[in-house]
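All figures in this text were calculated on a predicted structure; none of them were measured in a lab.
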Amino acid sequence: MTERIRPKIVFIDIDGTLVDDDGNIPLSAQQACQQARQNGNLLYLCTGRSKAEIYDSIWDIGFDGLIGAGGGYVEFGEDVLYHKKVTAEDVRHMVDFFNHHQIDFYLESNSALYASSNLQPHLERRIYGDIENDPVAREKKELRPHPFITGLTYGEVDLYKDDVNKVCFLESSTIPFEKIKQEFEGKFQVMQCTVPIFGEGSGELVIPGIHKALAIADLLEHLGMSREDTIAIGDGMNDAEMLEYCAIGIAMGNAKPALQAIADDITATVAEDGLFLSFQKYGLI
C-alpha cells in the first residue's frame with residue numbers, strides 16, 4: 001500500500017514570481033496553481049502588496065488566502081487572522097516628509113492605494129516612457145494600460161488615512177534612499193523596493209517586526225499545520241525570511257543574487273515558466 005503524500009502549503013510572492021513587470025501572469029503559472037490546488041495542496045499569496053492590489057485577475061486563479069503588506073495582514077478563506085496598521089502620528093510624519101521633499105509615494109491600505117499628487121505622471125514615465133513625444137510609449141499606455149497604474153486612487157486631498165498598512169515611495173532625483181532611511185530609523189523598517197521600475201532608490205516603509213516568515217508561522221499555528229510541509233517561492237529581498245523559514249525555499253531565476261544565495265533551489269525566470277517548473281519538480285503537479 002503506497003503512503004499518501006501529505007498536502008503542502010505553498011507561499012507565493014506576486015511581483016517577479018507570479019506576474020512579470022507588465023503585470024501579466026503566464027498561462028503556465030495559472031495552470032500550475034490550479035492543478036496544485038486540485039491535487040489537495042494549499043496555496044497562499046505572500047506579498048508586499050496590500051489587499052487593494054490583489055486584482056481579480058489574480059484572485060480568479062484560485063488561492064486559499066493571503067499574507068499581504070509584507071506580513072502585516074493575514075486572511076484565510078473569508079476570515080482575517082490579523083491586520084496591523086501604521087499609527088496616525090506616523091502616517092502624518094510620512095506624508096509631511098514626502099510632500100516637503102517632493103518625493104512621489106502611495107499609501108497602501110486594504111480599501112485602496114492612495115497616490116500622492118504627482119505620482120501618476122512619474123509612474124507613467126517609468127512604465128510607459130515619454131508619452132508626450134514617443135508614439136510607441138503613447139500606444140503602450142492606450143492599448144496595454146498597466147493594472148497597477150489603473151488601480152491607484154488619485155486626487156485625494158487628505159492623505160492622513162487611518163487604515164495604512166505601509167507606504168511605498170519612488171526614487172527621488174534629489175533625496176537619496178539612505179537619507180530617507182535615516183529619517184525614519186527606529187520608527188519603520190525601511191527597505192529598498194522590490195519593483196525594479198520604481199528605481200534603485202525607491203523603497204517601502206513597513207511597521208517594525210513585520211515580515212512574511214512571522215506571518216507564515218502565525219498562520220501555520222492557527223491552521224494546525226507543520227513547517228515541514230511548507231514551500232516558498234519568491235524573487236525579492238523581502239522574501240528572504242520566508243525562503244529561509246519554509247522547508248523548501250525557491251528563488252526565481254530573475255531573483256536578486258543575494259536571495260538566490262540563501263535559497264534551497266533556483267528555478268527559471270517568470271518568462272521561462274519558473275513557477276510551473278518548480279511546482280513540477282516538487283510534486284505539486
Side-chain angles (χ1 to χ4, degrees), residues 13-19 23 44-59 65-75 80-99 103-120 122-123 126-127 146-172 177 180-181 184 187-199 202-212 214-215 234 236-239 242:
D13 175 53
I14 294 180
D15 296 291
T17 302
L18 182 67
V19 310
Y44 277 75
L45 295 166
C46 196
T47 176
R49 293 192 188 197
S50 292
K51 190 172 182 180
E53 291 177 88
I54 315 297
Y55 311 121
D56 289 345
S57 60
I58 296 173
W59 280 125
L66 165 69
I67 293 175
Y73 175 79
V74 183
E75 74 173 31
V80 176
L81 187 60
Y82 56 68
H83 184 189
K84 299 175 181 178
K85 304 174 190 177
V86 179
T87 66
E89 177 190 357
D90 287 341
V91 170
R92 187 172 290 271
H93 178 191
M94 290 187 296
V95 170
D96 290 349
F97 176 82
F98 288 139
N99 282 337
I103 298 168
D104 300 317
F105 67 97
Y106 60 95
L107 307 175
E108 294 190 18
S109 79
N110 277 12
S111 55
L113 304 180
Y114 297 103
S116 61
S117 57
N118 294 311
L119 180 72
Q120 187 171 5
H122 188 168
L123 271 179
R126 288 187 171 275
I127 290 176
H146 197 288
F148 178 72
I149 290 183
T150 57
L152 285 159
T153 297
Y154 304 99
E156 286 283 316
V157 177
D158 179 13
L159 289 177
Y160 298 142
K161 302 296 180 185
D162 61 3
D163 63 340
V164 175
N165 300 329
K166 64 187 183 82
V167 176
C168 289
F169 58 91
L170 270 59
E171 185 173 62
S172 166
F177 175 85
I180 298 170
K181 188 172 183 177
F184 295 100
K187 280 195 170 185
F188 291 96
Q189 182 182 359
V190 186
M191 62 180 75
Q192 286 185 297
C193 194
T194 58
V195 183
I197 54 174
F198 287 0
S202 63
E204 304 178 1
L205 274 63
V206 181
I207 299 169
I210 286 177
H211 59 68
K212 294 181 179 183
L214 289 173
M237 290 316 295
N238 68 339
D239 297 317
M242 84 166 179

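- Taking every heavy atom of both residues into account, Y106 and A115 meet most closely at CB-CA, 4.1 Å.
- Side chains of L205 and D90 form no contact here, defined as non-hydrogen atoms less than 4.5 Å apart.
- A heavy-atom distance below 4.5 Å is not found between the side chains of I210 and Y73.
- Note that CD of E75 is 9.5 Å distant from CG of L45, once rounded to the nearest 0.5 Å.
- The aromatic rings of F148 and F198 lie tilted to each other, with the angle between the two planes from 30° to 60°.
- Here CG of L18 is found 12.5 Å from SG of C46. Values are rounded to the nearest 0.5 Å.
- Counting only distance, with no hydrogens or angles, the side chain of S109 and the backbone of S111 share a donor-acceptor pair below 3.5 Å.
- Between H146 and L123, every side-chain heavy-atom pair lies at or beyond the 4.5 Å cut-off.
- In terms of heavy-atom proximity, I149 sits nearest to Y154 at O-OH, 2.7 Å.
- Geometric assessment of K161 against the ring of Y114 yields a positive cation-pi assignment under the 6.0 Å and 45° thresholds.
- Using a 4.5 Å heavy-atom cutoff, the side chains of E53 and T47 are not in contact.
- Inter-residue side-chain proximity for I67 and M242 is flagged as unmet; no heavy-atom pair is nearer than 4.5 Å.
- Across L107 and L159, no two heavy atoms sit closer than the pair CD1-O, 3.0 Å.
- Side-chain atoms of F188 and H93, non-hydrogen and from C-beta on, never get closer than 4.5 Å to each other.
- Using modelled atom types, one side-chain atom of S116 and one backbone atom of F105 make a donor-acceptor pair closer than 3.5 Å.
- Note that the CG atom of N110 and the NE2 atom of H83 stand 4.0 Å from one another [nearest 0.5 Å].
- A cation-pi arrangement is absent between K181 and F177 under the rule of less than 6.0 angstrom and at most 45 degrees off the ring axis.
- None of K166, K51, R49, K85 except one satisfies the salt bridge (charged side-chain N to carboxylate O under 4.0 Å, His left out) rule with E108; the exception is K166.
- A distance of 10.5 Å separates CE of M94 from CG of D96, quoted to the nearest 0.5 Å.
- Between K187 and E89 there is a side-chain heavy-atom pair separated by less than 4.5 Å.
- Between F98 and F184, the ring planes lie tilted relative to each other; the angle falls in the 30° to 60° range.
- Rounding to the nearest 0.5 angstrom, the gap separating the CD1 atom in I54 from the CG atom in L66 is 5.0 Å.
- At a threshold of 4.5 Å between non-hydrogen side-chain atoms, the residues Q120 and L152 do not count as touching.
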